[in-house]
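Below is one structure, written out as structure tokens; comments come after it.
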Amino acid sequence: MQVTGARSAADREPLKVALLGCGTVGSQVYRLLTEQSADLQARAGAPLHVVGVAVRDPQLPRDVPVDRSLMTTDGASLVTRPDVDIVIELIGGIEPARSLLLAALGAGKSVITANKALIAADRAVLHRTAYEAGGDLYYEAAVAGAIPLLRPLRESLAGDEVRRVLGIVNGTTNFILDRMDSSGADFSAALAEAQALGYAEADPTADVAGFDAAAKAAILASIAFHTDVTADDVYREGILSVTAADIASARALGCVVKLLAICERSPGGITARVHPAMIPRVHPLAAVRDAYNAVFVEAEAAGRLMFYGAGAGGQPTASAVLGDTVAVARNLLAGLRGPEASFYAELPVVPIGDAITRYYVQLDVADRPGVLAPIADAFAQQGVSIKDVRQDGRGEDANLIIMTHSAREAALAKTVSVLTAMEAVRNVDSVMRVEGMEGE
Ligand SMILES: NC(=O)c1ccc[n+]([C@@H]2O[C@H](COP(=O)([O-])OP(=O)(O)OC[C@H]3O[C@@H](n4cnc5c(N)ncnc54)[C@H](OP(=O)(O)O)[C@@H]3O)[C@@H](O)[C@H]2O)c1
């Protein structure tokens with residue numbers, strides 16, 4: 001069957017594509033570029049020909065059949081070849097990806113990447129290089145895999161004022177926390193299950209310590225607030241210290257624990273943070289199970305929008321990469337460029353101490369009359385208003401569970417240090433932020 005529009009597209013000179021990396025994502029991009037070449041040609045407006053595939057070891061077996069004659073270990077020569085129009089980078093990490101992309105952009109190529117670490121570190125310089133040399137830079141797959149999120153933020157919401165972006169952007173940690181919630185498993189058992197099922201790497205640090213989510217938060221904040229935000233600007237706490245007891249406490253309060261990326265406008269600028277938080281079970285993000293991702297965007301005129309789907313995996317991520325590839329091809333054929341990155345707002349990223357949220361505090365206290373008054377006073381002294389107090393257990397096992405109203409992070413931290421030193425408090429068992437509550 002003739003694909004509509006395919007004839008005129010086939011008459012055009014092919015656009016030449018250089019693929020850097022042929023691993024989990026790169027192999028799927030290669031497969032789709034070859035298996036769906038007729039449809040992609042019709043949609044893009046010209047054939048898309050892969051003219052080179054840079055890898056580390058050409059002898060390795062591949063997930064998909066790849067034309068071995070295209071393989072090279074010399075990515076630097078490939079990206080500056082005069083016939084190459086589009087470079088797709090799926091190597092990952094900072095180097096050599098950074099040098100290769102700067103060389104490609106400097107040579108006037110258009111670039112597509114899924115590399116969140118690199119974009120979160122060097123977005124501004126990469127965009128500037130693309131702008132000066134006349135190419136495009138697209139990276140939809142760098143945040144939340146298959147979910148169309150960056151383009152809607154950058155283009156569909158360009159006329160609105162984004163107030164807040166709140167999301168689950170790391171599938172590995174969501175899988176672990178979900179298992180802890182549904183089965184009562186502790187962190188290490190849930191991590192072992194995630195590793196056995198291929199959701200977590202052998203070295204899970206980038207995910208469980210929050211680095212991956214912080215890179216994505218930086219990219220989201222940059223686009224949402226038209227400001228240069230890097231991963232170093234993002235406050236980061238991972239899920240290593242989340243205990244089965246925290247999960248059980250959240251459950252008792254009608255909440256679930258999620259690792260959230262939160263970027264929001266605040267009185268002094270913007271805050272960007274990644275940390276575990278309790279959210280009510282009725283919140284839409286609480287329904288995000290397994291390794292799925294979801295991002296809530298709150299904008300002044302649009303109100304609340306939610307984006308949901310597969311945040312990783314070879315094929316889902318390849319879908320986003322190919323969407324960018326078709327967009328870039330269309331731009332090249334029309335002699336246009338995609339929208340510029342905008343950094344005009346230059347909002348300061350305020351320190352975590354100025355972030356405002358609610359807190360859950362669990363204290364192991366001596367069970368005797370009069371204990372509550374000095375504890376309540378410690379909160380009041382720092383201007384942290386208590387919403388609810390509950391006592392669990394009696395005698396040696398007495399626990400006080402305190403939920404606060406919205407308060408400054410710095411005030412809560414000071415309160416906790418005062419509580420830790422109090423004679424009536426045997427231990428501060430748990431402190432966790434609470435997000436997504438209505439009414440404040
Ligand atoms: N995997 C996901 O689900 C996912 C989701 C969203 C975004 N991403 C992003 O997509 C990118 C790729 O991830 P991936 O999971 O596909 O990685 P991967 O499976 O580890 O593949 C990396 C590829 O890069 C090649 N490579 C490494 N060093 C190279 C060098 N110096 N020169 C040329 N090629 C080199 C490797 O070659 P060999 O095969 O010869 O070793 C391999 O083919 C990363 O930026 C990642 O953050 C991945």
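In listed order, ligands and their atoms are each counted from 1. Treat the numbers as computed from the prediction; the structure is a model and nothing was measured.
Listed by chain and number, G21, C22, G23, T24, V25, A54, V55, R56, D57, L60, R62, L90, I91, G92, P96, A114, N115, K116, A141, A312, G313, T317 each place a non-hydrogen atom less than 4.0 angstrom from ligand 1.
The aromatic ring centres of Y359 and H405 sit 6.0 Å or more apart.
Between F296 and H283, the two ring planes are tilted [angle within 30° to 60°]. Using cut-offs of 30° and 60° for the angle between ring planes, the Y308 and Y292 rings count as parallel.
A pairwise comparison of heavy atoms in I352 and E409 identifies O-CB, 3.1 Å as the closest pair.
In terms of modelled atom types and a separation under 3.5 Å, the side chain of K109 and the main chain of V84 share a donor-acceptor contact.
Environment of CZ in F307: crowded, with over 12 heavy atoms of neighbouring residues, nucleotides or ligands closer than 6.0 Å.
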